[in-house]
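Just so it is clear: chains get the letters A, B, ... in the order the sequence lines come, proteins before strands, and each one is counted from 1.
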Number of protein chains: 2
Amino acid sequence: MSLSSFEDSKALFVRRWGEMGGYWGINRTMAEIHALLFVSTKPICTDDVMELLQVSRGNASMNLRSLVDWGLIDRIHLRGDRKEYFVCRTDVWQMFETILKQRRRREVEPIIETIAHCREMVTGSDPIATGDDSGETATYKKRLDEMQDFLHAVGTVADLLVKVGPKRIGDISKMMMKLAG
Amino acid sequence: MSLSSFEDSKALFVRRWGEMGGYWGINRTMAEIHALLFVSTKPICTDDVMELLQVSRGNASMNLRSLVDWGLIDRIHLRGDRKEYFVCRTDVWQMFETILKQRRRREVEPIIETIAHCREMVTGSDPIATGDDSGETATYKKRLDEMQDFLHAVGTVADLLVKVGPKRIGDISKMMMKLAG
DNA sequence: CGAAACTTTCAATACTCTCTGAAATTAAGA
DNA sequence: TCTTAATTTCAGAGAGTATTGAAAGTTTCG
């Protein structure tokens with residue numbers, strides 16, 4: 001194994017992680033910076049990011065800050081150096097938990113709330129009295145309820161998955177396999 | 001409940017579903033059309049979509065086709081009518097399975113493959129002979145492996161979740177709760 | 001076949017998100 | 001305090017997506 005294949009390997013990972021970021025609503029540069037820190041054993045500063053990813057200072061700064069805000073990386077200070085450095089929180093399960101929490105808050109909770117609200121709007125009064133076709137609203141209500149139940153179910157499983165963590169993941173698989181028959 | 005509150009409720013759901021689509025890398029119009037079909041008990045045609053969502057014929061046509069390609073909606077024909085109509089596959093668990101399958105193929109598999117490739121690039125030869133810092137590559141390898149394991153674990157659980165379906169979801173929660181406890 | 005009804009395509013345009021780079025701000029050391 | 005290093009901000013440029021609308025294509029039926 002040559003030194004260059006080590007560097008090449010890391011570069012490949014960074015590129016791919018960046019590409020994937022796009023699919024997940026995360027901008028490419030942010031994902032690449034994250035990958036860079038994930039595969040780096042040493043802390044990295046803004047200038048390193050600029051050099052390695054060929055992006056502007058502003059871009060590097062903004063995205064590093066976003067990553068800190070998301071809780072995916074940390075700022076650190078090296079003694080005898082005025083610059084700020086950054087390191088990745090490398091525990092993948094913790095990483096997952098962090099992302100899960102944020103995305104759920106921003107992307108799942110609002111839809112759950114909206115469904116609840118939609119549900120209220122069509123709940124209560126007598127459909128016949130209002131001349132409403134009760135068959136139609138009944139179907140609508142059912143679909144909303146099923147979606148709501150589903151979203152809750154997935155949320156619960158995701159939470160538990162994180163709680164259970166990497167150690168017992170095998171146990172879970174086995175059990176679910178039994179249930180799935 | 002008035003007729004208008006029924007319509008308002010559906011409109012609210014459509015708007016929110018569209019907004020959320022953005023977060024998930026799905027364009028707003030596509031998500032809105034999907035929502036429209038999800039809350040509609042009757043089949044809907046291109047002109048309905050144009051009218052209800054205020055979009056052009058081209059836009060409606062393109063996005064309807066994408067939804068058919070994804071397997072989220074179906075084309076149908078109504079007797080005595082030349083137009084094509086569309087209906088949503090309303091089973092949310094099936095919907096989830098469909099989306100899961102597609103996104104995994106496009107967004108998870110490639111990163112898993114890349115990690116495997118990255119891993120190969122730094123596997124094998126003697127680090128000391130090549131003057132490589134074995135501590136650094138060892139850390140790198142470990143991180144790649146952890147990420148790989150994690151991605152596989154999540155994939156497995158997601159698959160099983162779909163297999164188990166809505167009926168036993170309660171059982172799963174209980175079991176995981178015990179493990180997590 | 002030919003006309004009418006309907007659908008798809010795609011070049012041009014509008015829009016949204018990302019990035020740059022230099023100015024403003026903040027922090028550290030003399 | 002002043003000077004210098006480092007960081008942040010943000011208006012404008014650029015890149016990438018989504019949308020329109022009209023022309024081309026397809027299907028249905030007399």
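Counting non-hydrogen atoms of other residues, nucleotides and ligands closer than 6.0 Å to CZ of B:R168 gives a total of 12 or fewer. Atom NE2 of A:H77 sits in a crowded spot, with more than 12 heavy atoms from other residues, nucleotides or ligands closer than 6.0 Å.
To the nearest angstrom, P of D:dG16 lies 15 Å from OH of A:Y23. Going from atom CG of B:D81 over to atom C1' of C:dT7 covers 14 Å, rounded to whole Å. The OH-P distance, from A:Y85 to C:dA27, rounds to 19 Å in whole Å. The distance from atom NZ of A:K83 to atom C1' of C:dG29 is 16 Å, rounded to the nearest whole Å. When rounded to the nearest whole Å, the span between CE of A:M30 and C1' of C:dC17 equals 12 Å. Note: CD1 (A:I33) to P (C:dT18) measures 13 Å, nearest angstrom. A:R28 has its CZ atom 13 Å from the C1' atom of C:dC17, to the nearest Å. Per the geometry, CG belonging to A:L64 stands 12 Å off C1' belonging to D:dT8, to the nearest Å.
When each of A:S56 and A:H77 is assigned the nucleotide of DNA chain C bearing its nearest heavy atom, the one mapping closer to the 5' terminus is A:S56. Ranked by how close their nearest DNA chain C nucleotide is to the 5' end, A:N27 and A:G58 are led by A:N27.
At D:dA18, none of the side-chain N or O atoms of B:N59 fall inside 4.0 Å of OP1 or OP2 (strictly under the cut-off). The phosphate of D:dT9 has neither OP1 nor OP2 within less than 4.0 Å of any side-chain N or O from A:S61. The side chain of B:R82 contributes no N or O atom lying less than 4.0 Å from OP1 or OP2 of D:dG30.
In this structure, the nucleotide among D:dT9, C:dC19, D:dT7 sitting nearest to the side chain of A:T46 is D:dT7. Of the candidates D:dT8, C:dC6, C:dT8, C:dT8 carries the atom nearest the B:R57 side chain, counting heavy atoms from C-beta on. For B:M62, the listed nucleotide lying nearest its side chain is C:dC10; candidates were C:dT7, C:dC10, D:dT8.
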Discussion item. Go through it in stages, so that I can follow the logic: the residues are A:E107 and A:R103, the test is salt bridge (charged side-chain N to carboxylate O under 4.0 Å, His left out), and I'd like the CA-CA distance, side-chain angles, deciding distance and then a yes or no.
Written reply: CA-CA 5 Å; A:E107 298 153 29; A:R103 297 202 74 139; 2.9 Å; yes
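Annotation: cation-pi pair B:K142/B:Y140 absent, no NZ/CZ under 6.0 Å from the ring centroid and within 45° of its normal.
Here the side chain of B:K83 pairs no donor or acceptor atom with the backbone of B:C45 at under 3.5 angstrom.
Backbone-only engagement by A:R65 is indicated by non-hydrogen atom pairs under 4.0 Å involving sugar-phosphate atoms exclusively.
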